[in-house]
Amino acid sequence: MSEPYDPKAIEARWQRRWEADGLYRVAPDPSRPKFYFLTMYPYPSGDLHIGHWYAMAPSDCKARYLRMRGYDVLFPIGFDAFGLPAENAAIQHGIHPYKWTMANIERMRGQLRSMGAMFDWSREVVTCRPEYYKWNQWFFLKFYDAGLAYRAMAAVDWCPRCNTTLAREQVVGAERVCERCGTPVIKKDLEQWFFRITKYAEELLDFSKMDWPERVATLQRNWIGRSEGTEVVYTTEQGDPITVFTTRPDTLFGATFLVLAPEHPLVEKLTTPERRAEVAAYVQRARRQTEIERLAEDREKTGVFIGAYARHPLTGARIPIYIGDYVLLTYGTGAIHAVPAHDTRDYAFAKRYKLPIPVVIAPPDWDGKPLPEAYIGEGVMVNSGPFDGTPSAEGRRRVTEALERAGRGRPAVTYRLRDWLISRQRYWGTPIPIVYCPRCGTVPVPYEHLPVLLPEDAEFLPTGESPLRHHEGFRRTTCPRCGAPAERETDTMDTFVDSSWYQYRYLSPHDPDRPFDPEAGRRWLPVDQYTGGVEHAVMHLLYTRFFTKVMRDLGLVAFDEPMVRLFNQGIILGPDGNRMSKSRGNVVNPDDYVGTMGADVVRAYLMFLGPWDSGGPWNPQGIEGIHRFLHRVWHLVLDTAPGDETPPEAGSPLASAVRRTVHRTLRRVTDDLESFRFNTALAALMECTNALARLRDEGASRTAEWAPALRTLVLMLAPFTPHLAEELWARLGQPYSVHRQPWPEVDPDAVREETITLVLQVNGRVRDRVTVPADLPAAQARDVALASEKVRRFIDGKAVEDVIVVPGKLVNVVVR
RNA sequence: GCGGGCGUGGCGGAACCCGGCAGACGCACCAGGCUUAGGACCUGGUGGACCGCACGGUCCGUGGGGGUUCGAAUCCCCCCGCCCGCACCA
């Protein structure tokens, strides 16, 4: 017996060696095809969680496999280092965010190395360093120059716990809570900076240039929320135009009143003096309500008449104008025309305020009586003047044309997507490079003045205002244009700005002159494979697509999409099947397992749990199976290492059985790795190991095929268990390093079946199995089936109606 | 309400793409070996019901129902259940 498998000693030793040799440093090799493999960079929370391992170990396995397949693989890592936890730590424990973050990063670097991943650390990015965030500011200015960054007053989402505004994407669920901390958000009126992502709404709906999971495409499509319809222009009796958006212009003749959002800019102007008090009260009430209240289900549709009237664009009818909080300022034009007969919300409103409900689309079998509820389906237009008798679909087109001819409307497309609010009232982020001058107004900081440094000495008080606002040295500056005293913007950028382009910075992380080296860009871009959680579908993954399109339009890149392929791994759950959380006490600490069983065991177990995209509970007992497996491999390889044997037999059945076993496994493992099926790849490797152990007991280790078989087995294990494979490779007397070896080729002769098990069925039920030559002709297979004793027992005395022969597989005898 | 996904042993899962031996691989469990004993380790067994001393065999079985087919976990239709996303979006 060889010495026992001691992962602790092996892993530490090889990690040092790999590090010293720069084994994973990427030096572009033009003779090989490139492959940019990117896994989402972690937030430096301080501890490498099992979830990080679950995200990274299989990615590393695949990246290693691709490297062995001959690709020049770029597999970088970095840290998403700006963000709230660092600032909260500063408030709670008095540690400076920079110190806190850097200490965490240092700790996580060690933990990441313990995983044995082939990250190229020389390309590490840390987003809170000026050499990184300078380029956030550079992009901001480029966006500003291109009209894609603007400042506007808006009713924005505010998290009272995080004390900052949030982007629409960062407010989640029906409860409208903060994506980070789960606190219900409130609305505030603030002047904030936005990125004009809506300009790219249409293009962002095009997923044809990449291979992403349909699920993510669907989430983004829903989020962007394109809807086609018509803009209709009403005119108030005071002469103001009010534009509304409708997807059902065929119902235009049923519009009986207008409803404006309470915050609509025209409300003030249009409200008649005698309605003013009531309207003001309603607006006040609407403003005070939280999002939750305003969006509560089955809520009564309320509103107030403002005393003004508009004229219907086609009939000239006099139409009262209301305000109502079911109309959202942020969607469409912030105003609607109500067609109570054909819209449930308008119907409820009309009923409540006793407004007329004229039917203009005849429901099937309509008796001409008032409707008991809104009919929202299609039908034939009625009570619609010249359009009577027109079906809905055609009516939509014709009514829109009529509006266009009259100069009262046009076809329009509306999106649910909002511009990206990037201002954050927090310290630990990228300063927005803008100066406010009393004389020149809003002035961008000149490029040559970048970076605008985040001052180190800030006061951290949980006041709800950015510490920068109280930092006189930062706030007070001079106007870059006129030199007069001026003030800096004190808000910082959303950290999703950092992650929108980090994949480009990896190409030349220390480049002082450009966000990235364009030559390196031509070599490596775009990202070939991206992996990460689906929870970023409408945040990070949408933002980075937007950034790439802007970069393309700025001439920085020559492609349309940042990542060609995307894979979403699942979530690893606690042993109790719940999401891991400290409060539940079900958090699995990978370091414990790494310390006892080794990193290879943890890596392999995470890959073996199940399909990578489904996640699942961590079963503490299950890891024993992988532990045992690696022990079996260790002893299989070492206890039968060549040296002592009797002369090898050539071409014996045992030898070809060894070769067939290994090459069939190779075929399976290769296919599985191509499609991220790590669990079945490992199952195949287990079967292979078990089969080889049995063959050895029959004497197979004395054949000439045994040593090559062990080498192939070790090569196949290399992406999964890099340390174990390196150790075994060395002990087999092979040259360093196993991770520089090519992936073995499947030998088609070796896997060819000589004999197969032919399944014999009667009426579709298995009755017998016989071993026959693989190339047995159909006619003979049929004879074999009919000759089978067990088959005959079921067909004797019955009429054989048909015999189905599937060559190489089965014969089905059909009897009556 | 709209959109998407998923239902297979005690458990995680495999076979589903492309119809052809259901339950690979592993956990757990059971039996045996080793051990003073337990653990660890090794070997074997393990979907259910039934027949048989045994070799073995029969029937049932992939959420439920129906269909297509020589043959369905797999394809089609309906239903049930669970999960996720969006949700007054005009």
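Computed from a predicted model, the values in this text were never measured in an experiment. Here is how names work: the chains are called A, B, and so on, in the same order as the sequence lines, proteins then strands, and each is numbered from 1.
- Using a 4.0 Å heavy-atom cutoff across all strands shown, A:R345 reaches at least one base atom of the nucleic acid.
- As rounded to whole Å, 23 Å separates atom P of B:C88 from atom NE2 of A:H342.
- The A:Q621 side chain lies nearest to B:C27 when the options are B:C84, B:C88, B:C27.
- Of the candidates B:A90, B:C84, B:A87, B:A87 carries the atom nearest the A:R168 side chain, counting heavy atoms from C-beta on.
- Taking atom P in both B:C11 and B:C16, the straight-line distance is 22 Å, to the nearest Å.
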*Pair assignment for RNA chain B - dot-bracket with | for other-strand partners, Watson-Crick or G-U under 3.5 Å*: (((((((..(((.......[....))).(((((.......))))).(((((....)))))..(((((..]....))))))))))))....

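- B:G65 sits 10 Å from B:C80 when the C1' atoms are compared, rounded to a whole Å.
- Spacing of P atoms, B:A72 relative to B:A90, comes out at 46 Å, to the nearest Å.
- Between the side chains of A:D576 and A:N586, at least one donor N or O lies within less than 3.5 Å of an accepting N or O.
- Annotation: A:F629 is not in aromatic contact with A:F608 [ring centroid separation under 6.0 Å not met].
- For the pair A:R603 and A:W53, the cation does not sit on the ring face, since its NZ or CZ is not both under 6.0 Å from the ring centre and inside 45° of the axis.
- The interatomic distance linking A:Q761 (CD) with B:U69 (P) rounds to 17 Å, in whole Å.
- Counting heavy atoms of neighbouring residues, nucleotides and ligands inside a 6.0 Å radius, atom CD1 of A:I795 exceeds 12 of them.
- Residues from residues 218-227 of chain A with heavy atoms under 4.0 angstrom of RNA chain B, sorted by number: A:T218, A:L219, A:S227.
- On the C1' atoms, B:A40 is 37 Å away from B:C55, given to the nearest whole Å.
- Comparing atom distances between the A:V814 side chain and each of B:C84, B:C70, B:C25 picks out B:C70 as nearest.
- The distance between atom OH of A:Y605 and atom C1' of B:G26, rounded to the nearest whole Å, is 9 Å.
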_Return a single string for nucleotides 39-49 of chain B, one symbol per nucleotide in 5' to 3' order, where B is base contact, S is sugar-phosphate-only contact and - is none, cutoff 4.0 angstrom on heavy atoms._
--SS-------

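- Contact annotation for A:F349: no contact, since no heavy-atom pair falls under 4.0 Å across all strands.
- Closest contact between the side chain of A:L810 and the listed nucleotides B:C88, B:A24, B:G20 involves B:G20.
- For the pair A:K790 and B:G57, the criterion of a side-chain N or O lying under 4.0 Å from OP1 or OP2 is met.
- If you check every strand for non-hydrogen atoms under 4.0 Å, A:V766 touches sugar and phosphate atoms only.
- Residues meeting the side-chain hydrogen bond (donor to acceptor under 3.5 Å, both in side chains) test with A:R782, sequence neighbours left out: none.
- For A:T757, whose side chain is taken as the heavy atoms from C-beta onward, the closest listed nucleotide among B:C70, B:C60, B:C21 is B:C21.
- The distance between atom CG of A:L760 and atom P of B:G57, rounded to the nearest whole Å, is 13 Å.
- With distances taken from any side-chain atom of A:A683 to the nucleotides B:C25, B:G20, B:C89, the minimum falls on B:C25.
- Legend: residues meeting side-chain hydrogen bond (donor to acceptor under 3.5 Å, both in side chains) with A:R632, ordered by chain and number and at least two apart, are A:N690.
- With ring centers used as reference points, A:W618 lies under 6.0 Å from A:Y605.
- The base of B:C21 has none of its N or O atoms less than 3.5 Å from a complementary donor or acceptor on the side chain of A:K809.
- For A:F496 and A:H540, the distance between ring centers is not under 6.0 angstrom.
- A cation-pi contact links A:R545 to A:F207, judged by a cut-off of 6.0 Å to the six-membered ring centre and 45° from its axis.
- Of all nucleotides listed (B:C88, B:U58, B:G20), B:G20 comes nearest to the side chain of A:N812.
- Within 4.0 Å (heavy atoms only), A:D346 reaches no atom of the nucleic acid at all.
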*Encode nucleotides 7-14 of chain B as B, S and - characters from 5' to 3', where the letter depends on protein heavy atoms closer than 4.0 Å: B to the base, S only to sugar-phosphate, - to neither.*
-----BSS

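- Across all strands shown, A:E801 has no heavy atoms under 4.0 Å from either base or sugar-phosphate atoms.
- Ring geometry for A:Y543 against A:W420 counts as parallel: the plane angle stays under 30°, on a 0 to 90° scale with 60° as the upper cut.
- Cation-pi geometry between A:R345 and A:Y326 is not satisfied (NZ or CZ under 6.0 Å from the ring centre, within 45° of the ring normal).
- Between the side chains of A:R248 and A:T246, no donor-acceptor pair of N or O atoms lies under 3.5 Å.
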